[in-house]
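In the text below, chain A, chain B and the rest are named by the order of the sequence lines, each starting its count at 1.
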Amino acid sequence: MQAPILQMTGITKRFPGVKALSNVDFRLFPGEVHALMGENGAGKSTLIKVLTGVYSIDEGTVTIENQAVSIGGPLEAQKAGISTVYQEVNLCPNLTVAENIYIGREPRKFGRILWNKMNKEAARLLKERLNLSIDVTLPLHAYSVAVQQLIAIARALSISAKVLILDEPTSSLDQNEVHQLFSIMRKLKNDGLAILFVTHFLDQVYEMSDRITVLRNGELEGEYLAAGLPRIELVLKMIGKDLKLLEELPKLSEEAGAAAGSIMITASELGRKGAINPFDLEIRKGEVVGLAGLLGSGRTEMARLLFGVDRPDQGKLLAGESGSPVKSPRSAIELGIAYCSENRKTEGIIDDLTVRENIILALQAARGWLRPISRKKQDEIADQYIKMLNINPPNPEHLIKNLSGGNQQKALLARWLLTEPELLILDEPTRGIDIGAKAEIQKLVLSLAKQGMSVLFISSELEEVIRVSDRVAVLRDRSKVKELGGGELNQQQIMQAMAGG
Amino acid sequence: MGGKMHRHHLFWPLVVLGALLLFNLIYSPDFFSLAVRGGNLYGSLIDILNFGAPLILVSIGMTIVIATGGIDLSVGSIVAISGAMACLTISKGTDPSSVLLVIGAVLASIALSIVLGMWNGALVTVTRIQPIIATLILMVAGRGIAQLITSGQIITVSNSNYEYIGAGSLASLPFSIFIVAAVLLIASLLTRRTAIGLFIESVGSNPEASRLAGLRSRTVILTVYVFCGLCAGIAGLILSSNVSSADGNNAGLWYELDAILAVVIGGTSLNGGRFYLMGTVIGALIIQTLTTTIYMIGVPPEITLVVKAFVVLAVCLIQSEAFRKTLITRWKKRNYPAEQEVTRHA
């Protein structure tokens, strides 16, 4: 067997308060596609950033072609032969294709740029290495995202060509574009390039990669040959479960069926291109429906469609007893739907406002500006929810941006509970929250359901989903693949559906 | 106790205003003296309030626009258009001293200002042009509109009722001060007693999260531009009535810049979010006091702008916490060079 072109040994990276990577080994062979897998917080992106010089290494060594290197920055990474293409193409859309490929390294003579030479070389590079014949003098934005992606790869190749890192290259491509990219990845692989491939799509991992490295909680779980690792095993390793050790956890939710009331929301053939494939979903009054699936499987996208954040491009969505369509977040709120987003920083909290103001915001918005909630009432509400959800520090006049993530989450939960919704969509409500608070939130969800509220519960933690849900819908690769309820509701069934294949 | 005062958002603006007034007092000891002539109060302080009235009004409107993360460059042009509209209406009237005519002229100006504010708001919310560009359109075109109204001439009117708005007195104080007080009161009540203030700050701080919380951010943004146009319109009335004429070219020239400055000095961030109406009022007073001071100490006219620029730069730096910290650290280092030496070697 050949020697690895890249060998990372004992890599450790600490951030204040967290060990993002601890003692991770990773290797890449020339002429292989190597998938790096892991759930949120597993350390994938930290590893890539260490490799590309964005972060420095606290401990450990990196060798390239058996030579120890220290990568001090992105430029040094490029010089060492490591190039990265990110999910969002970071080129300049208003420059030409050739300019984008050679920017900063234009062929020059006496300081003058040799445009003809540059354009010719860019065209030749695209033709020979990527089988792409396009007009390189057109601006980048004249081409589709897929072609832009290829141009980014061409730029990476023209700089250095030993190791190519593709960080979720397929997440904004459609089927045909993905095939085009894959055929080029195969060609580059045959040319002897080592490709590190990061994706959330299991199908694509198995279609493309020769070897898989799994990270979990900043540690190396293992390195496997793709052919020798069944899908279900891979999912178990990512989530950190052993199939044999799975026990039935005590289920907190009551059996479905008896409790199910009238229909709260119906989605039929609802879908949005590039976000989630058409799905059917029905949630009844007082029912807790869980959404399970790996990161990037379309959980959040589904929630966003249900709340009217994004517009579906097909299908129908009817909510409430009247069966009205959901057109926008505002109309969703009017129909009694609330959505606690997973991205609390960008889509949840209002930085500059206090905890009290953040809590009353949604209710006040629904009342309109002419019917303000009196200050006395606001203080009462804030105190009540701070006590109920145990928000710390218990001062309603604190700016919310100074609270910890878990406490921000609780304040957002308070914002939505205050609107007394009939359907509460919770996207990762317990992420980054300590164990005690987690149990509190789970209990809260169940007690709300008992009072007749419907809940759509999204979480990466299967135990949690199973514990609170009456029914679980499973997503894989942006499709709803299965719905499990009653007796079928156990971890093994769910994981089988998540892994598919 | 002192630490708390320190952190109050009005602390530094008040310090600067106090320092400016103190400088004036030292330079000309009779700066604070007030005289009663013909039943009216006269004095430099009254002048600052009187001449500063239009700027304070424009700045109040600007504060609320900036709080949503926007900006309104067209206020100076709206000042000119509003004045031109009022003077034109009065000059076209058959009885130039009639009260009804003045009321009509004022209403016409205010209505026009509201329409212009709506135009700005619509460009920002409906066509989604960036606020700085959207309002730049009216800033440039507005001067033309004002010229069009006045047919390129300076319209002069003589109507004592109209003059009262900008030059009259009530309870021995200039009437314009009462207009400013009324607008300030209404703005404070609207933003702090209804929920609109919360909505403005929320939209300005995080538009996407606000949308997801069910806010109608478009309506909020449209409203603030309309309010800003209205404030500029009233300012235009005061300004043109004070001189009994309308000059489409020069009325309210560069007001947008002074107003933005007043807002920033008052502690409202250009990024939107929290806003401070009282801070803005003090900011506008600082600018007006500065202008008065520069005239009073006899700075040659050709360099007044340069002097003003330096003072404004100093004011902004004093307000910046980062700058103050650097200054203090530098100062400490300079006092203990030996200590620094030791740490460097260690």
Please report the interatomic distance CG(B/Leu17) to CD1(B/Ile282), rounded to the nearest 0.5 Å. 7.0 Å
Out of A/Ile276, A/Leu317, A/Leu270, A/Val326, which one pairs with A/Pro312 under the side chain to side chain contact (heavy atoms under 4.5 Å, CB included) rule? A/Leu270
Measuring from atom CE of B/Met118 to atom CG of B/Leu123, what distance do you get when rounded to the nearest 0.5 angstrom? 13.0 Å
What part of A/Leu353 gets within 4.5 angstrom of chain B, counting heavy atoms only: side chain, backbone, both, or neither? both
Contact winner vs chain B - A/Pro372, A/Gly348, A/Ala332, heavy-atom pairs under 4.5 Å: A/Pro372
Rounding to 0.5 Å, atoms OH (B/Tyr255) and CG (B/Leu57) come to a distance of 9.5 Å
Which atoms of A/Arg375 come close to chain B, meaning under 4.5 Å heavy atom to heavy atom: side chain ones, backbone ones, both, or neither? neither
With chain A, which of B/Leu190, B/Leu198, B/Thr219 has the greatest number of heavy-atom pairs at distances under 4.5 Å? B/Leu198
Of B/Asn120, B/Thr68, B/Asp72, which is the lone residue that meets side chain to side chain contact (heavy atoms under 4.5 Å, CB included) with B/Val224? B/Thr68
B/Arg216 versus chain A, the contacting section by heavy-atom distance below 4.5 Å: both
Determine yes or no for a side-chain-to-main-chain donor-acceptor pair under 3.5 angstrom, with A/Trp416 supplying the side chain and A/Tyr339 the backbone. yes
Output the distance between atom CD1 (A/Ile425) and atom CZ (A/Arg304), rounded to the nearest 0.5 Å. 11.5 Å
If you count heavy-atom pairs under 4.5 Å with chain B, which of A/Thr346, A/Thr419, A/Asp351, A/Ile333 comes out on top? A/Thr346
CA sep, side-chain torsions, deciding dist, call: B/Thr223, B/Ile64, side-chain contact (heavy atoms from CB on, under 4.5 Å): CA-CA 10 Å; B/Thr223 313; B/Ile64 294 178; over 6 Å; no
Within 45° of the ring axis of A/Phe307 and under 6.0 Å from its six-membered ring centre, is that where the NZ or CZ of B/Arg211 lies? no
Residues 356-369 of chain A vs chain B, non-hydrogen distance cutoff under 4.5 Å, contacting residues -> A/Glu357, A/Ile360, A/Leu361, A/Ala362, A/Gln364, A/Ala365, A/Gly368, A/Trp369
Ranking B/Leu212, B/Leu215, B/Ile196 by heavy-atom pairs under 4.5 Å to chain A gives rank one to B/Leu212
